[in-house]
Amino acid sequence: AIDEVAAITRDGGSPLNVRVEAIRTLGELHHPKAVAALVKQAESSPPRSTAAVAALGVQITGRGNGAASQQALAALQAITTAKETPTELKRSAVVALAGTRPGTDWLLKLKEDGKMPEAVAADAGRLLRNSPFLGQRNKALLLFPAPSKINLAKLPSVAELAKRKGNAARGKEIMAKSLTGEAQCLKCHTVNGTGGQIGPDLSLIGKKGSRENLFESILQPSKAIDDQHVSWTIATLDGQTITGLLVAQTPAVLTIRDANGKDHPVPVKDIDKKSKSPVSLMPDNLAATLTEDELVDLIEYLTTLQGP
């Protein structure tokens with residue numbers, strides 16, 4: 001089917017959304033011919049180029065030992081480091097690489113060697129600090145220390161913070177910027193149809209939680225985790241450790257969704273151990289990316305989320 005699907009991606013007479021879906025489909029067809037077709041599409045303009053880059057990431061499986069995986073990995077590495085690559089496409093390549101074990105290892109080595117392009121360094125750090133691969137995530141925390149605006153240890157108590165009145169309009173701006181910024185609220189949570197599908201939907205959170213509860217949810221995310229959002233740690237027979245939400249399970253495959261929203265199918269036959277994690281998938285230092293006033297403004301906005 002590869003030749004027929006690839007032909008659709010090149011067909012200027014086909015609707016754009018159909019061509020983009022054909023590009024996505026090529027990502028699922030794990031073969032060097034599909035990778036070669038995706039590399040060609042990566043040279044086009046958005047949204048085909050960004051779809052092709054994402055599909056190249058899907059081609060990289062496991063430890064990246066297969067021919068298609070190696071070919072896709074090399075293509076994404078070239079896109080990331082080439083001076084002529086548009087910045088947005090480089091960022092897409094970093095997202096694709098960070099969702100894979102070999103891509104994560106390569107990005108960490110790039111940073112260690114001082115060769116990380118400045119334009120994507122912040123994106124790489126944000127993604128790798130949330131890596132589902134535990135060893136790599138710990139290394140990323142050292143190589144990419146998170147920017148910090150406040151010392152969380154010196155914050156007033158939750159009870160004191162809850163007494164303060166914030167600016168809901170500014171809080172709404174902070175939430176909107178979090179889709180691409182360090183706070184990352186909308187990368188994981190949905191507000192009125194916008195955002196990620198990792199954490200709970202916040203569209204009605206103002207009805208459900210007190211101000212104290214809202215501050216605690218951000219400052220101490222592991223204090224109370226509902227069953228639907230408990231994270232799991234999967235250790236595989238080949239030495240990988242993956243952490244995330246268990247979003248699908250069949251007799252043959254478990255699918256783990258990491259903190260960046262990437263799904264990782266893990267064959268049951270390859271699993272050594274599976275255990276629930278007492279730690280929330282939400283990092284406990286996200287508030288450090290905000291000032292104290294910004295944190296209060298964000299909570300003020302969350303209290304206004306009470307439905308349409």
Side-chain angles (χ1 to χ4, degrees), residues 27 30 53-54 56-66 68-70 72-74 76-77 80 91-113 116 120-146 182 184 187-188 196-199 221-222 229-249 253-286:
H30 298 279
V53 165
L56 285 169
V58 177
Q59 283 281 350
I60 304 172
T61 58
R63 292 186 177 271
N65 296 326
S69 292
Q70 292 178 358
L73 182 62
L76 290 172
Q77 290 170 346
T80 302
R91 287 173 175 163
S92 297
V94 168
V95 171
L97 287 164
T100 72
R101 172 73 178 270
T104 295
D105 288 336
W106 181 79
L107 287 170
L108 291 170
K109 184 70 165 58
L110 200 66
K111 177 65 174 177
E112 276 186 313
D113 294 344
M116 176 73 68
V120 297
D123 297 88
R126 185 165 56 250
L127 290 161
L128 296 176
R129 286 193 297 271
N130 285 325
S131 175
F133 310 110
L134 293 186
Q136 284 80 353
R137 181 169 67 194
N138 292 335
K139 191 172 184 178
L141 290 170
L142 297 175
L143 289 173
F144 297 91
E182 287 292 340
Q184 299 188 81
K187 293 285 285 184
C188 293
Q197 303 292 323
I198 304 170
S222 297
H229 296 97
V230 168
S231 60
W232 289 77
T233 298
I234 307 295
T236 62
L237 294 171
D238 65 354
Q240 291 190 68
T241 303
I242 303 173
T243 296
L245 300 181
L246 181 60
V247 295
Q249 182 172 0
V253 177
L254 300 184
T255 301
I256 296 293
R257 180 169 296 162
D258 67 29
N260 293 316
K262 172 74 181 289
D263 287 351
H264 300 263
V266 184
V268 170
K269 63 181 179 60
D270 295 338
I271 294 175
D272 183 27
K273 293 180 181 178
K274 180 184 76 169
S275 59
K276 288 184 179 180
S277 172
V279 179
S280 170
L281 201 59
M282 176 177 168
D284 60 7
N285 63 350
L286 283 185

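- Taking all atoms of both residues into account, the shortest heavy-atom contact from Ile198 to Ala259 is CD1-O, 3.4 Å.
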Distance-only criterion, 3.5 Å: show the donor-acceptor pairs between side-chain atoms of residues 260-267 and protein atoms not counting sequence neighbours.
unit_1, atom_1, unit_2, atom_2, d
Asn260, ND2, Leu127, O, 3.0
Lys262, NZ, Gly99, O, 3.0
Asp263, OD1, Arg257, NE, 2.7
Asp263, OD2, Arg257, NH2, 3.2
His264, NE2, Asp258, OD2, 2.8

Margin query: Could you walk me through whether Thr236 and Asp272 satisfy the side chain to side chain contact (heavy atoms under 4.5 Å, CB included) test, starting with their C-alpha distance in whole Å, then the side-chain angles of each, then the deciding distance to 0.1 Å, before giving a yes or no?
Written below: CA-CA 5 Å; Thr236 62; Asp272 183 27; 5.9 Å; no
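- No hydrogens or angles considered: a donor-acceptor pair under 3.5 Å links the side chains of Asn130 and Gln184.
- Taking a cutoff of 4.0 Å between a charged side-chain nitrogen and a carboxylate oxygen, Asp105 and Lys109 do not qualify as a salt bridge.
- Atoms CH2 and CG, from Trp106 and Asp113 in turn, are 10.5 Å apart once rounded to the nearest 0.5 Å.
- Using a 4.5 Å cut-off on side-chain heavy atoms (C-beta onward), Lys139 and Glu112 make contact.
- The backbone N or O of Ser131 lies less than 3.5 Å from no partner atom in the side chain of Thr104, so there is not a single donor-acceptor pair.
- The minimum heavy-atom distance linking Phe144 with Ala121 is given by the pair CE2-O, 3.8 Å.
- Closest non-hydrogen pair, Pro102 versus Gly62, comes out as CD-O, 3.4 Å.
- Using a 4.5 Å heavy-atom threshold, the side chains of Leu245 and Val230 count as separate.
- Taking CH2 of Trp232 as the start and CD1 of Ile256 as the end, the distance is 8.5 Å to the nearest 0.5 Å.
- Distance alone, capped at 3.5 Å, places no donor-acceptor pair between the Ser69 side chain and the Asn65 backbone.
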Next item on the list: Start with the C-alpha gap between Val94 and Leu76, add the side-chain angles, then the distance that decides, and say whether side chain to side chain contact (heavy atoms under 4.5 Å, CB included) holds.
Entry: CA-CA 8 Å; Val94 168; Leu76 290 172; over 6 Å; no
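- Here the closest non-hydrogen pair linking Ala72 and Leu56 is CB-O, 3.5 Å.
- With rounding to the nearest 0.5 angstrom, the OG1 atom of Thr233 is 10.0 Å from the CD1 atom of Ile242.
- In this structure, the side chains of His30 and Thr61 come closer than 4.5 Å at one or more pairs of heavy atoms.
- Across Thr100 and Gly57, no two heavy atoms sit closer than the pair CG2-O, 3.7 Å.
- A distance-only check finds a donor-acceptor pair linking the side chain of Ser231 to the backbone of Val279 [under 3.5 Å].
- Between Gly27 and Val58, the shortest heavy-atom contact is O-CG1, 3.5 Å.
- With contacts defined as side-chain heavy-atom distances shorter than 4.5 Å, the pair Arg137/Arg129 does not qualify.
- Between the CZ atom in Arg101 and the CG atom in Asp238 there is a gap of 7.5 Å [rounded to 0.5 Å].
- If you take CD on Gln240 and CD1 on Ile271, they are separated by 11.5 Å, rounding to the nearest 0.5 Å.
- Using a distance-only test at 3.5 Å, with no hydrogens or angles considered, a donor-acceptor pair links the side chain of Ser222 to the main chain of Ser280.
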Next item on the list: Could you walk me through whether Asp123 and Val95 pass side chain to side chain contact (heavy atoms under 4.5 Å, CB included), step by step?
Entry: CA-CA 8 Å; Asp123 297 88; Val95 171; over 6 Å; no
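- Atom-to-atom distance recorded for Thr80:OG1 and Leu110:CG is 8.0 Å, nearest 0.5 angstrom.
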Next item on the list: Step by step, work out the side chain to side chain contact (heavy atoms under 4.5 Å, CB included) result for Met116 and Leu107.
Entry: CA-CA 8 Å; Met116 176 73 68; Leu107 287 170; 4.3 Å; yes
